[in-house]
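Computed from a predicted model, the values in this text were never measured in an experiment.
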Amino acid sequence: MHRYFSILLFIALGSASVLIVNGDFEAPLSEGWSQIMSGAGVMQITRGTGYDPDPDYEVYLHKGDGTGYTEISQLAYIPHTDLEFSVNAKLYAYGTSSQCWSGAAVGLFYLNASDSILGWSKICARTVACPWVGSSSSHVIAATDTQWHNYAFNLNDELDNVPAVNRLDVSKIRVSIVAQCVDD
């Protein structure tokens, strides 16, 4: 029985792009991005020009059968939270069993000066059993479908959706692109 999940996306940070190194993926992923592949099954992180109709580079993450994840992430110091965030993403999550879950996401994790995570926002596609749910310290923005879409917002406005996070305590954000599957 196949249980898998895939994520395909391009990321660029609007006016905050100066805070993210290689946010348009035009340079190799080793410039600015930490990469992790953990667990069992098929995992892939690829940078290429053939994923979107435009000629620019995008990144593709895939996690197949078995528990684990693929992720690229980057930590950025931010001077304030009045920043624009923008990402073009094509997100897809699929599972063939009620005993497993999968999710594909572009996540923003809000950190304080000591690197403690205060909360997060995730633009994601997920299967029913995926534990990524909203709370006072987390906000889930569901992908509208499996096509390319631009998701854009001001961090101050988005932080209204995570009221447990005091925007004055946020000094860093971690941008994470993850494909994850848990096969129980």
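- Listed by first and then second residue, the salt bridge (Lys or Arg N to Asp or Glu O under 4.0 Å) pairs that reach into residues 129-152 come to none, sequence neighbours excluded.
- Applying the ring pair (Phe, Tyr, Trp, His ring centres under 6.0 Å) test to every pair with at least one member in residues 154-184, sequence neighbours left out, gives no pairs at all.
- Evaluation of the salt bridge (Lys or Arg N to Asp or Glu O under 4.0 Å) test over residues 103-119, restricted to residues two or more places apart or in two chains, returns Asp115-Lys172.
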**OP:** Begin with the C-alpha distance, continue with both residues' side-chain angles, and end with the deciding distance and a verdict on side chain to side chain contact (heavy atoms under 4.5 Å, CB included) for Val59 and Leu29.
**Re:** CA-CA 9 Å; Val59 67; Leu29 292 176; 3.9 Å; yes
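- When the side-chain hydrogen bond (donor to acceptor under 3.5 Å, both in side chains) test is applied to Thr144, the partners found at least two apart in sequence or on another chain are His149.
- Within the 4.5 Å cutoff, the side chain of Gln74 has no heavy atoms near those of the Asn22 side chain.
- Nearest heavy-atom pair, Ala89 versus Val106, reported as atom, atom and distance to 0.1 Å: CB-CG2, 4.4 Å.
- Side-chain contact between Trp33 and Ile20: present, with at least one pair of heavy atoms (C-beta onward) separated by less than 4.5 Å.
- Here the rule is ring pair (Phe, Tyr, Trp, His ring centres under 6.0 Å) with Tyr51, and of Tyr57, Trp148, Tyr60 only Tyr60 fits it.
- Annotation for Met43 and Tyr69: closest pair SD-O, 3.6 Å, computed over non-hydrogen atoms.
- Lys63 places no side-chain N or O within 3.5 Å of a backbone atom of Met37 that could act as its donor or acceptor partner.
- Leu61 has its side chain out of reach of Val178: every pair of non-hydrogen atoms, C-beta onward, lies at least 4.5 Å apart.
- Atom CG of residue Asp82 and atom CG of residue Leu155 lie 8.5 Å apart, to the nearest 0.5 angstrom.
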Original post:
Can you check side-chain hydrogen bond (donor to acceptor under 3.5 Å, both in side chains) on Gln44 and Thr70, steps first, answer last?
Top reply: CA-CA 7 Å; Gln44 181 181 358; Thr70 58; over 6 Å; no
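- A search for side-chain hydrogen bond (donor to acceptor under 3.5 Å, both in side chains) contacts involving Ser73 returns nothing, not counting sequence neighbours.
- Put simply, the side chain of Lys122 never gets that close to the backbone of Ala125: no donor and acceptor are under 3.5 Å apart.
- Atoms CD and OG, on Gln35 and Ser30 in that order, are 7.5 Å from each other to the nearest 0.5 Å.
- Of the possible donor and acceptor atoms, none in the side chain of Ser138 sits under 3.5 Å from a partner among the backbone N and O of Trp132.
- Ile78 has its side chain within reach of Val170: a pair of non-hydrogen atoms, C-beta onward, lies under 4.5 Å apart.
- Within the structure, every pair that satisfies the salt bridge (Lys or Arg N to Asp or Glu O under 4.0 Å) test and touches residues 150-169, not counting sequence neighbours, is listed here: Asp160-Arg167.
- Taking the side-chain contact (heavy atoms from CB on, under 4.5 Å) definition, one finds that Ala164 meets it with Ser136, Ser137, sequence neighbours left out.
- In this structure, OH on Tyr110 lies 5.0 Å from CG on Leu159, to the nearest 0.5 angstrom.
- For the atom pair CD1 of Ile72 and CD1 of Ile36, the computed distance is 11.0 Å after rounding to the nearest 0.5 Å.
- Within the 4.5 Å cutoff, the side chain of Val42 has no heavy atoms near those of the Asp65 side chain.
- The two residues Ala143 and Leu91 have their closest heavy-atom pair at CB-CD1, 3.9 Å.
- Shown here for Glu58 and Asp56, the closest heavy-atom pair between the two residues is OE2-O, 2.8 Å.
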**OP:** Please step through side chain to side chain contact (heavy atoms under 4.5 Å, CB included) for the pair Leu111 and Arg174, ending with a clear verdict.
**Re:** CA-CA 7 Å; Leu111 289 82; Arg174 181 169 52 96; 4.0 Å; yes
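- With sequence neighbours left out, Tyr151 forms a ring pair (Phe, Tyr, Trp, His ring centres under 6.0 Å) with no residue at all.
- In terms of heavy atoms, Ile141 sits closest to His139 at CG1-CE1, 3.5 Å.
- Atom CG in Leu19 sits 7.0 Å away from atom CD1 in Ile173 (nearest 0.5 Å).
- By the 4.5 Å heavy-atom criterion applied to side chains, Glu31 and Phe25 are not counted as neighbours.
- At least one side-chain heavy atom of Phe153 sits under 4.5 Å from a side-chain heavy atom of Leu108.
- Under the side-chain contact (heavy atoms from CB on, under 4.5 Å) criterion, Ala129 pairs with Trp101, sequence neighbours left out.
- Looking at residues two or more places apart in sequence or on another chain, you find a side-chain contact (heavy atoms from CB on, under 4.5 Å) between Ala152 and Ser86, Asn150.
- Residues forming a side-chain hydrogen bond (donor to acceptor under 3.5 Å, both in side chains) with Arg47 (at least two apart in sequence, or on another chain): none.
- Contact of the Thr127 side chain with the Ser102 side chain is registered, since non-hydrogen atoms from C-beta on lie closer than 4.5 Å.
- When the side-chain hydrogen bond (donor to acceptor under 3.5 Å, both in side chains) test is applied to Thr81, the partners found at least two apart in sequence or on another chain are Asn156.
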